[in-house]
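For the numbers below, each heavy atom of this structure counts, side chains included, while hydrogens, waters and symmetry mates do not. All of these numbers come straight from a predicted model, not from anything done at the bench. Within every chain, numbering begins at 1; the chains are lettered A, B, ... in the order of the sequence lines, protein sequences first and strands thereafter.
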Protein chains: 2
Amino acid sequence: MGAHAFDIDTEVSAAGLDGEFTAELTGRWDGTNGAVNGGYMLAICARALGRLMPFPDPVVISGFFLRPGTVGPAAVRTSLLRCGRTMAFGEASLDCGGKQVVSATAAFAELGSREEPEYVNRTPPQLPPPADCVALPAADCVALPAGSLDRASIHERVEFRFAELPGSLRGQPSGHPASAFWTRFADGRDADLLALPLLADASVPSVVGATSATVQLTVHLRARPAPGWLACRAVTRFVSGGYHEEDVEIWDSAGTLVAQSRQLAQILP
Amino acid sequence: MGAHAFDIDTEVSAAGLDGEFTAELTGRWDGTNGAVNGGYMLAICARALGRLMPFPDPVVISGFFLRPGTVGPAAVRTSLLRCGRTMAFGEASLDCGGKQVVSATAAFAELGSREEPEYVNRTPPQLPPPADCVALPAADCVALPAGSLDRASIHERVEFRFAELPGSLRGQPSGHPASAFWTRFADGRDADLLALPLLADASVPSVVGATSATVQLTVHLRARPAPGWLACRAVTRFVSGGYHEEDVEIWDSAGTLVAQSRQLAQILP
């Protein structure tokens, strides 16, 4: 497992005090805005929290992003808030250079076996097989600010495949910031629950023409993902007052919804 | 302002130490499950946080519910995590009887003036005027567990009006846990940003036939609400593995989306 970029780059080591860990933020998960991906930092928090939780599975994690993360050593301070019979709660603070960057809170439990869902009113995104899809970066990507896809080192680590390149990336925005796509780690690592916060936040921003910064991200983890490609749906419905939300659904190769995320992002001037 | 139930019941008083407050949880905001409403406790946290924030408006608040709240004195411990140029972050812990009940984190800023939204791909729920709608409790409510609407003291404080009583409340579930309704405080207090977390969590559960407990609730506050009735839309898309999410949109009388919330709830045995 140590051979995969995600596992190496989210590694946490117990430090002096109880619940304190060290980590190393790498520049390998930067988004199109050139900043360390928030989902990547949240995955580090989840991994540190996992070390003290009496249950194996994160079921919901919330992260607030106080300032941009910086590449280099980071400290993660965790504490167990409550351990119940079927669920435990904890919080984590990720600090860079002595300053808090992420405030995360999570609930852990044991997710049930993959029995039939009781009610689902959605189908997974309908996409052609990944081999028939368009990969990023594509030569006809024109709409993002120049150089931003090159700057997005995360695209060397996370693959995206679209049925067709979204209009927003071809300079022909449809007016509806929504997209569906396949995703997976480029190095063949299958996604697990810990990887889903990163993958939920890794998608190409659906609101293009503006750079935005994630203020807060909530991820519900609903089932352990089956191996293989993940099918995603991203949509933004409200861009107003300098903010927008972004909702992402992640479905696994067995057709099960495995994560649902929502973020509030601030549009930068 | 002190004359309204919401203001009285969310009052916080500075206690000994910096950032510490006392509050009094009342039994006037209990849901159909007989528990103190999570959104009510989150509103208390937001109000306490507002006392130390250098910006007036909560823009996003996340609450984790560690155990049921109990009627009586509560302590709210708050701390400022970061104060930036345009946004500040803080956290709050609400404790009952010395035990932590809520862990909340929030970002505050100054919401913009009510200029035109840049992009909205939704319209407010289309509902007949409130006077032509069905109010709760209604005589033909049969689907909720017996006595649960009587137990729901919140319904004496918060009004709901439906175009027609949802099938789920008439013992004829449509199979789609979704509803649209008007809401407001029963005593005529207009909603403000602080009240929206409560109103987002106050709606009759859309997943009926099961009692569930909120694990986590995130509320985005997008604009200061205009006076008058609020139009809401609630929907649950995924009930699986013992959990379900619930999304709520709240639109004000001027047709502006003022809040968007999502919760993860655990279905109780």
Problem set entry | Toward chain A, the part of B/Gln263 with a non-hydrogen atom under 4.5 Å | backbone
For this session: Give the intermediate values and the outcome of side-chain contact (heavy atoms from CB on, under 4.5 Å) for residues A/Val60 and B/Phe64.
Result: CA-CA 9 Å; A/Val60 49; B/Phe64 283 76; 3.8 Å; yes
Seminar exercise, completed: Separation between CD (B/Glu245) and NE2 (A/His220), nearest 0.5 Å, reads 7.5 Å
Problem set entry | Proximal component of A/Gln260, with respect to chain B [non-hydrogen, under 4.5 Å] | both
For this session: Applying side-chain hydrogen bond (donor to acceptor under 3.5 Å, both in side chains), run through A/Ser240 and B/Arg222 and close with a yes or a no.
Result: CA-CA 8 Å; A/Ser240 64; B/Arg222 300 297 298 268; 3.3 Å; yes
Exercise. Tell me, side chain or backbone of B/Leu257 under 4.5 Å from chain A's heavy atoms, or both, or neither?
Worked result: side chain
Problem set entry | Contacting moiety of B/Ser62, where chain A heavy atoms sit under 4.5 Å | both
Problem set entry | chain A contact via B/Phe238 - which portion, at a heavy-atom distance below 4.5 Å | both
Problem set entry | Contact class of B/Ala88 relative to chain A, heavy atoms under 4.5 angstrom | neither
For this session: Mind checking the CG-CD1 spacing from B/Leu264 to A/Ile61? Nearest 0.5 Å is all I need.
Result: 13.0 Å
Exercise. Which is it for A/Gln266 and B/Val59 under the side-chain contact (heavy atoms from CB on, under 4.5 Å) test, yes or no, and what are the steps along the way?
Worked result: CA-CA 10 Å; A/Gln266 188 178 25; B/Val59 295; over 6 Å; no
Exercise. In terms of heavy-atom pairs under 4.5 Å with chain B, which of A/Asn121, A/Leu66, A/Val120 leads?
Worked result: A/Leu66
Problem set entry | Proximity breakdown for A/Tyr243 and chain B, heavy-atom pairs closer than 4.5 Å | both
Exercise. Taking side chain as C-beta onward, heavy atoms only, is B/Ser103 less than 4.5 Å from A/Phe89?
Worked result: no
Problem set entry | Interchain contact, B/Thr86 with chain A, by part (heavy-atom threshold 4.5 Å) | side chain
For this session: Specify which of B/Asp247, B/Thr105, B/Val215 makes the most heavy-atom pairs with chain A at under 4.5 Å.
Result: B/Thr105
Exercise. So which of B/Arg67, B/Arg262, B/Gln216 has the largest heavy-atom pair count under 4.5 angstrom toward chain A?
Worked result: B/Arg262
